[in-house]
**Student:** 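Have a look at this one.
In listed order, ligands and their atoms are each counted from 1.
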Amino acid sequence: MELTPMAPQCGVEISGVSLANCSDAKMREIKHAIYEHGVAVFRDQDFSPEDHIAFAKRWGGIDINNYFPLEDEHPEIAIVRKKPDQKTNIGGAWHTDHSYDQIPAMGSILVARELPPEGGDTLFAHMGAAYDSLSDELKAEIEGLEAFHTADHVYEEGGIYAQTDMGGDLRGQGLKTGATHPVVIRHPHTGRRLLYVNGAFTINFLGKTRAESLPLLHKLLDAAVRDDNQCRVKWRPGTVAIWDNRTTWHNAMNDYHGHYREMHRITLSGEALAA
Ligand code: SIN
């Protein structure tokens, strides 16, 4: 197996492995690479929905998505789809999945099923590099802080998606979510300090209103998406990407209007986060 970093701070491309038939030793190496680099890309995979589910189970549990359409015969698989007549895509802003859960999903395994002729890349940003890049003053300011996260404003009736042409495709509008996490967490496996707020789901710091929280939140969000923290996944048929939600944020580019894009996503269960 060969590991080639995709960018100085984020992402690794892994070749010489078939995910559908991967040994336990290779699996351990893959997991460690994802915890460290945040996202791993695998090319030319022959990966059926059954392989996708079986591989996901080797990580532990599967978190069935509450909002996206599910694959009819395999409800463990959420469909991330944009049709040619839609203008909105799923995940088209910087975020980390499920930070609104008290035990957030560890990560996701995303499989390219149908791609537009051009565009539709996914950007990732490394939250360890983001934390390291903060000034000592900013690190001191966020030490010990906690933040509140929810997805209600995104998915509820009248919420962000409901106001777009993607609204009719989504489920779970009545669900209520809410979780509190440290602003700086330690990665449960590597111990690295990671910035754990995001622009989509983090609402306020505990003890502060949204308005009082916004100036500091914006400083952190700007630091998180510095160009040198990022890598770009360019999808090809047979590409599979696996990312760690604690280590990275992601942002699905919405630059292929008039074309169809369909990805299959399985979300992997995680563990409680600690400072
Ligand atoms: C997402 O999971 O947020 C979507 C990622 C993508 O479609 O590239």
**Student:** Is it the case that the ring center of H153 lies less than 6.0 angstrom away from the ring center of Y161?
**Tutor:**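 Ring-ring flag for Y161/H153: false, centres at least 6.0 Å apart.
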
**Student:** Using the benzene-type ring in the case of Trp, are the ring centres of F124 and W243 under 6.0 Å apart?
**Tutor:** yes

**Student:** May I ask you to test the R58-C22 pair for a side-chain heavy-atom distance under 4.5 Å?
**Tutor:**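 The answer is yes, as the side chains (C-beta and beyond) meet within the 4.5 Å cut-off.
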
**Student:** What residues come within 4.0 Å of ligand 1, counting heavy atoms only?
**Tutor:**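 Residues within 4.0 Å of ligand 1: V80, I90, G91, H95, L110, T122, W243, H250, A252, R261, R265.
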
**Student:** Taking the side chain as everything from C-beta on, heavy atoms only, tell me whether K139 gets closer than 4.5 Å to R193.
**Tutor:** no

**Student:** Are Y100 and H149 close enough that their ring centers fall under 6.0 Å?
**Tutor:**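 That pair fails the under 6.0 Å test.
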
**Student:** Do K234 and R236 touch side chain to side chain, with heavy atoms closer than 4.5 Å?
**Tutor:**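 Counting from C-beta outward, K234 and R236 never come under 4.5 Å.
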
